[in-house]
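Step one of this worksheet: look at the structure below.
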Amino acid sequence: MKALCWYGTKDVRVETVPDPKIQNTDDAIIKITSTAICGSDLHLHNGFQPTMEKGDILGHENMGEVVEVGSGVSNLKVGDRVVVPFVIACGNCEFCNKEQYSLCDVSNPNAEMAREAMGQSPAGLFGFSHMLGGFSGGQAEYLRVPYANVGPFKIPNGIEDEKVLFLSDIFPTAYMAAENCNIEEGDTVAIWGGGPVGQLAVRCAQMLGAGRVIMIEQVPERIQMAQSSGAEIIDFSKEDVYDRLMEMTKDRGPDSCMDAVGLEAHAGGTLDGIIDRVKTATMLATDRPHVLRQMIMACRKGGTLSVPGVYVGAVDNLPFGAAMNKGLNFKMGQTHVQKYMPKLFEKIESGEIDPSFIITHKMKLEDAPEGYKIFNEKEDNCIKIVLKP
Ligand SMILES: NC(=O)c1ccc[n+]([C@@H]2O[C@H](COP(=O)([O-])OP(=O)(O)OC[C@H]3O[C@@H](n4cnc5c(N)ncnc54)[C@H](O)[C@@H]3O)[C@@H](O)[C@H]2O)c1
Ligand SMILES: [Zn+2]
Ligand SMILES: [Zn+2]
C-alpha cells in the first residue's frame, strides 16, 4: 500500500510499504477514506518528538471502512464505517474504567521507554513516537486498529466524512480543553493559538457558557476565522498580550487561559522567546514554553490554565512562583477521545455544530508532503488539510 513515512526533520515521503495485517485477535483493518494532518504531526515533522524512526507511518486522525476483523472482534463487522480515535486504549484497566483513555495502562507496548522519560507510561497513540508505542498511523491506504472493540466509533451512512472525521482527535480535544477551563456562565476565556484546535475550542468554550472568548494569534486568516465565530482578537505580532488582556478585563485577567499552541510557540523578538530558540536549536532545551509563561502571568487569581498544546520535555523559566501564589489550577493531557465521541457525534448529527468549517484543503495522499509544507509554513491560507488515499 501507499503510506506517508517520516524520514527526519522536514522530510516526509509517500512510499510503497507492506499492507498491515491482523496481529492480535482483537485487531481490525480499516481501509482509510479520509485522514487529516494535525498540529501534532507538525511537531514530529519539525523534529521535536524524540524516539521517531525512519520509515514510521504518520497519521492519527483517521476514518474508513472495516475490511477485516480478528476472531475476537465482536463490536465491528466488515463493511462498517468508523472514525478511529487517535488514542489506543484497552477499555479494561483502572484508567480506562475511569474514562481516562489517554492514560490507558496497557496499550503502550514500549511502556518501559515512556516510564524512563515520564515516571509512568501514558496510552499508545497512532502515528506517534516509539516511546508512545510505535503504532503505524493512517496517512495510508490501510490501518491496523488494535483493541478494535474499544476505539472505532460507527458512523451511519448518509453523513459525509468531513463532518465526522475530527471526532478522531481535534473536536474532542477542543471540547475537553474547554471543559478543562472550568467555565462558569459568562466567564472570559482566552485561547492562545488559532489552529484547528483553537478554532474548535472557541466554539466549545461558547457551548460551555463562556461570555467572552479572546483569541491570541498572528496569522490573518486564522484571526478572521476566529472572529467570525465571535471571538475578540489580540494580534500578538502587533500588541503586547499581557497589556492588552489587562485592558480588556479591567486589570483582572481572563478567568481561564487555554494553550492551543504547544511547544513550538512563536515569540517574536521577546527576550524569553529568543533564549528558547537558541536553547532548542542547540539541544539545551526541548520545548519553547512562551505561551505557558504568558498564561501564568495573565490569568486572574484562582483561575484555570488548560493545556491541550503538546509538550515533550522540560520547560525553562516557568514563573511557577506566580502560579503558586496566584492559586492557579492546571489541567492538561492528551485527550480521552473515546469518552467524548458519542456526545460530540450527537452535536454534529443534531446540527449544533459542523466541524468541517475549518477545512481549507483536500488533497490526495500522494500530495501529502506538499500538504505538510503548506500547513507548517501557513501558506495558501491553509488551516486544515484532509487527505484522500
Ligand atoms: N492534547 C491533545 O490530545 C492534542 C490533540 C490534538 C492537537 N494537540 C496539540 O494542540 C496544538 C495545536 O494544534 P493545531 O492543530 O491547532 O496546530 P497549529 O500548529 O495549526 O496551530 C498552532 C497555532 O498557534 C499559533 N501560535 C504560535 N505561537 C503563538 C503565540 N505565541 N501565541 C498565540 N498563538 C501562537 C500559530 O500561529 C498557529 O496558528 C498542538 O500543540 C498540537 O500538538 C493536542
Ligand atoms: Zn492530533
Ligand atoms: Zn486501558
Side-chain angles (χ1 to χ4, degrees), residues 36-46 48-49 58-62 85-108 122-128 137 147 150 166 168-177 180 190-201 215-223 225-226 234-237 241 258-268 270 272-273 276 287-295 306-312 332-338 340 358 375-378 382-385:
I37 309 178
C38 176
S40 299
D41 292 322
L42 296 181
H43 303 319
L44 315 180
H45 189 50
N46 294 329
F48 281 86
Q49 181 77 47
L58 301 186
H60 59 267
E61 300 187 354
N62 305 311
F86 80 94
V87 166
I88 301 171
C90 78
N92 273 319
C93 70
E94 174 192 347
F95 296 94
C96 286
N97 283 329
K98 288 196 272 196
E99 297 192 300
Q100 297 175 342
Y101 296 99
S102 73
L103 307 179
C104 175
D105 231 2
V106 299
S107 64
N108 182 2
L125 306 178
F126 284 107
F128 260 78
Y147 302 104
V150 182
F166 304 137
S168 58
D169 176 353
I170 54 173
F171 185 18
T173 293
Y175 196 85
M176 180 169 121
N180 279 347
I191 300 175
W192 275 251
V197 171
Q199 298 294 341
L200 289 169
M215 162 69 64
I216 295 124
E217 237 316 334
Q218 66 171 352
V219 180
E221 61 276 9
R222 295 180 180 217
I223 286 178
M225 187 179 273
I234 298 176
D235 180 342
F236 71 88
S237 68
V241 174
M258 183 193 298
D259 175 351
V261 178
L263 66 107
E264 289 184 66
H266 294 273
T270 57
D272 70 305
D276 284 346
D287 304 51
R288 304 198 304 245
H290 178 69
V291 169
L292 284 180
R293 296 186 193 112
Q294 253 176 5
M295 296 203 309
S306 164
V307 187
V310 164
Y311 288 84
V312 300
M332 63 193 87
Q334 300 281 3
T335 304
H336 308 308
V337 181
Q338 287 85 339
Y340 293 97
I358 59 173
F375 182 41
N376 200 25
E377 307 301 331
K378 302 177 180 64
C382 180
I383 297 179
K384 187 73 177 179
I385 299 177

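As the structure lists them, so they are numbered: ligands from 1, and atoms in each ligand from 1.
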Hey, does [X] come in under 3.5 Å of ligand 1, counting only N/O atoms on both sides?
{"X": "Val261", "answer": "yes"}
{"X": "Val197", "answer": "yes"}
{"X": "Asp169", "answer": "no"}
{"X": "Ala265", "answer": "no"}
{"X": "Glu264", "answer": "no"}

Does [X] approach ligand 1 within less than 4.0 angstrom via side chain, backbone, both or neither, non-hydrogen atoms only?
{"X": "Val310", "value": "both"}
{"X": "Gln199", "value": "neither"}
{"X": "Val219", "value": "side chain"}
{"X": "Val241", "value": "neither"}
{"X": "Leu263", "value": "neither"}

2.8 Å cut-off (strict), protein N, O or S atoms about the Zn ion (ligand 3): 4

Under 3.5 Å: donor-acceptor pair, side chain of [X], backbone of [Y]:
{"X": "Gln199", "Y": "Gly194", "value": "yes"}
{"X": "Asn62", "Y": "Gly59", "value": "yes"}
{"X": "Ser306", "Y": "Ala177", "value": "yes"}
{"X": "Gln338", "Y": "Glu99", "value": "no"}
{"X": "His336", "Y": "Ser102", "value": "yes"}
{"X": "Ser107", "Y": "Ile88", "value": "yes"}
{"X": "Asn46", "Y": "Phe48", "value": "no"}
{"X": "Asp287", "Y": "Pro289", "value": "no"}
{"X": "Lys384", "Y": "Ile37", "value": "yes"}

Non-hydrogen atoms of [X] and [Y] that approach each other most closely:
{"X": "Pro196", "Y": "Arg222", "answer": "CD-NH1, 4.3 Å"}
{"X": "Cys90", "Y": "Cys96", "answer": "N-SG, 3.8 Å"}
{"X": "Val261", "Y": "Trp192", "answer": "CG2-O, 3.3 Å"}
{"X": "Val87", "Y": "Val337", "answer": "CG2-CG2, 4.1 Å"}

Donor + acceptor pair across side chains of Asn97, Asn92 (<3.5 Å): no

Using non-hydrogen atoms of the residue, decide whether [X] is closer than 4.0 angstrom to ligand 1.
{"X": "Lys378", "result": "yes"}
{"X": "Gly333", "result": "yes"}
{"X": "Pro196", "result": "yes"}

Which residue holds the protein heavy atom closest to [atom], what is that atom called, and what is the gap in Å?
{"atom": "atom 44 (C) of ligand 1", "value": "Pro308 O, 2.9 Å"}
{"atom": "atom 28 (N) of ligand 1", "value": "His266 N, 2.9 Å"}
{"atom": "atom 15 (O) of ligand 1", "value": "Gly39 N, 3.0 Å"}
{"atom": "atom 19 (O) of ligand 1", "value": "Leu42 CD1, 4.0 Å"}
{"atom": "atom 4 (C) of ligand 1", "value": "Thr173 CG2, 3.6 Å"}
{"atom": "atom 21 (O) of ligand 1", "value": "Gly195 CA, 3.4 Å"}

Subset of ligand 1 atoms that lie under 4.0 Å from at least one heavy atom of [X]:
{"X": "Gly309", "value": "9 (C), 10 (O), 11 (C), 41 (O)"}
{"X": "Gly193", "value": "23 (C), 24 (O), 25 (C), 33 (C), 34 (N)"}
{"X": "Cys38", "value": "6 (C), 7 (C)"}
{"X": "His290", "value": "31 (N)"}
{"X": "Val291", "value": "30 (C), 31 (N), 32 (N)"}
{"X": "Phe86", "value": "3 (O)"}
{"X": "Ile216", "value": "33 (C), 34 (N)"}
{"X": "Gln334", "value": "1 (N), 2 (C), 3 (O)"}

Ring centres under 6.0 angstrom apart (Phe86, His60): yes

Note: Asp276-Arg293 ion pair, threshold 4.0 Å (strictly below): yes

Selection from [options] by shortest heavy-atom distance to [atom]:
{"atom": "atom 11 (C) of ligand 1", "options": "Ala260, Cys382, Gly268, Ser306", "result": "Ala260"}
{"atom": "atom 37 (O) of ligand 1", "options": "His43, Glu217, Arg222", "result": "Glu217"}
{"atom": "atom 30 (C) of ligand 1", "options": "Phe236, Phe375, Phe171", "result": "Phe236"}
{"atom": "atom 43 (O) of ligand 1", "options": "Gly198, Ala190, Ser40, Pro172", "result": "Ser40"}

Got a second to check how far [X]'s [atom1] is from [Y]'s [atom2], nearest 0.5 Å?
{"X": "Ile170", "Y": "Thr335", "atom1": "CD1", "atom2": "OG1", "answer": "10.5 Å"}
{"X": "Ile385", "Y": "Cys38", "atom1": "CD1", "atom2": "SG", "answer": "12.0 Å"}
{"X": "His266", "Y": "Phe236", "atom1": "NE2", "atom2": "CZ", "answer": "7.0 Å"}
{"X": "Phe128", "Y": "Asn108", "atom1": "CZ", "atom2": "CG", "answer": "12.5 Å"}
{"X": "Phe375", "Y": "Cys382", "atom1": "CZ", "atom2": "SG", "answer": "6.0 Å"}

Angular separation of His60 NE2 and Cys38 SG about the Zn ion (ligand 2), given to 10°: 110°

Asp169 N/O/S atom closer than 2.8 Å to the Zn ion (ligand 2): yes

Any side-chain heavy-atom pair of Ile234 and Met215 under 4.5 Å: no

